[in-house]
Amino acid sequence: MALLDVRDLRTHFHTEDGIVRAVDGVSFSVEKGKTLAIVGESGSGKSVTCLTIMGLNSGRRIDISGEAIFDGVDLLAIPKDELRRYRGQRISMIFQDPMTSLNPVHTIGRQLREAVQLHADVTKAQANARAVEMLKAVRIPRAETRLDDYPHQFSGGMRQRVMIAMALINNPDLLIADEPTTALDVTTQAQILKLMNELQRDFGSAIILITHDLGVVAETADDVLVMYAAQPAERGGYEDIFYRPHHPYTWGLLRSLPHLATIGEDLKPIPGAPPSLLNPPAGCRFHPRCPYVMDICTTVVPEFALVPGSGDHRAACHLDEETKQREAATILTETLADSA
Ligand code: SF4
């Protein structure tokens with residue numbers, strides 16, 4: 001059974017200009033101990049999806065519908081104080097910029113201890129011991145002596161390690177990591193991704209990794225959800241997306257990678273820009289940028305359909321199966337040639 005099962009999630013913001021459909025019919029599941037990567041350009045709805053599940057979209061005029069079943073409980077239907085108990089204990093989050101999550105005026109030790117004591121009835125000494133244990137787990141040298149340091153005394157990569165320590169300190173079942181390596185240089189990024197993979201193996205947490213970078217996905221994911229303009233474009237296992245991609249947007253993302261062996265390069269953008277979510281295009285939302293566009297694409301929304309013969313590989317595209325298979329094979333050949 002999935003640890004988290006999200007069904008037909010919709011998050012609509014009411015603004016002065018109209019309704020922004022930031023998430024518009026997204027479904028996916030995350031298995032225990034596995035990593036799901038949610039990939040797409042900025043504004044595709046991937047971060048809003050996770051913030052909605054965590055109940056962190058409050059304070060605005062917002063309509064939320066759908067279900068987010070976590071271990072049998074619909075997170076969208078429970079009271080806010082109950083949801084708060086899940087956050088930080090059974091589900092935790094890491095954000096792109098650790099400086100926005102770490103309090104600059106408190107020591108790292110104090111912040112780690114508070115993260116423990118917020119959810120467990122332990123003494124200061126016990127919380128301290130746990131803090132040291134976690135700093136060691138994320139490979140902070142001389143962990144015992146760093147507890148009294150402030151965030152600005154750590155490098156960017158070290159701060160992100162501290163954030164990972166804080167996120168894992170209560171052994172969460174699910175870790176949501178929102179662009180956790182984007183602000184880091186390529187070498188540090190690779191180290192952090194390796195660390196996350198190792199910690200996942202040791203701690204057994206499931207991970208939702210939000211990223212715009214298919215190179216990061218290639219390093220970490222078991223399953224992949226490709227989002228475009230607030231909707232799912234394609235979803236499948238790692239091999240489905242990298243070896244049998246069935247959507248022109250995924251093809252564009254793959255073609256924009258220099259090659260899969262190069263981790264951390266920025267994507268060369270697909271021509272054009274994502275549409276406004278106030279007034280998205282009719283039919284397939286990708287049609288103004290799609291090199292394969294047909295008449296039907298401009299008026300009829302493609303079904304998010306199962307790929308024939310697959311387990312749970314789905315794509316929303318009107319192209320026929322033969323064309324999709326041919327293009328997928330071409331991209332795979334290009335990718336392998338580039339990697340050689
Ligand atoms: Fe392109 Fe049409 Fe497929 Fe949309 S439905 S991705 S426009 S071919």
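Atoms within a ligand are numbered from 1 in the order they appear, just like the ligands themselves. The shown structure was predicted, so the numbers you read here are calculated from the model rather than taken from an experiment. These values consider heavy atoms only, across backbone and side chains, with no hydrogens, waters or symmetry-generated copies.
- Annotation: ligand 1 has protein neighbours His247, Pro248, Cys284, Phe286, His287, Cys290, Tyr292, Cys297, Cys317, His318, Leu319, each with a heavy atom less than 4.0 angstrom from the ligand.
- Side-chain N/O atoms of His246 and Glu327 include no donor and acceptor closer than 3.5 Å.
- For the pair Glu133/Lys136, no side-chain contact is recorded, criterion being any heavy-atom separation below 4.5 Å from C-beta on.
- Looking at heavy atoms from C-beta onward, Thr107 lies out of side-chain contact with Leu147 at the 4.5 angstrom threshold.
- For the 3.5 Å distance criterion, the side chains of Thr11 and Thr52 qualify, holding a donor opposite an acceptor.
- With contacts defined as side-chain heavy-atom distances shorter than 4.5 Å, the pair Gln325/Arg244 does not qualify.
- Taken to the nearest 0.5 Å, the CZ atom of Arg87 stands 13.5 Å off from the CG atom of Leu174.
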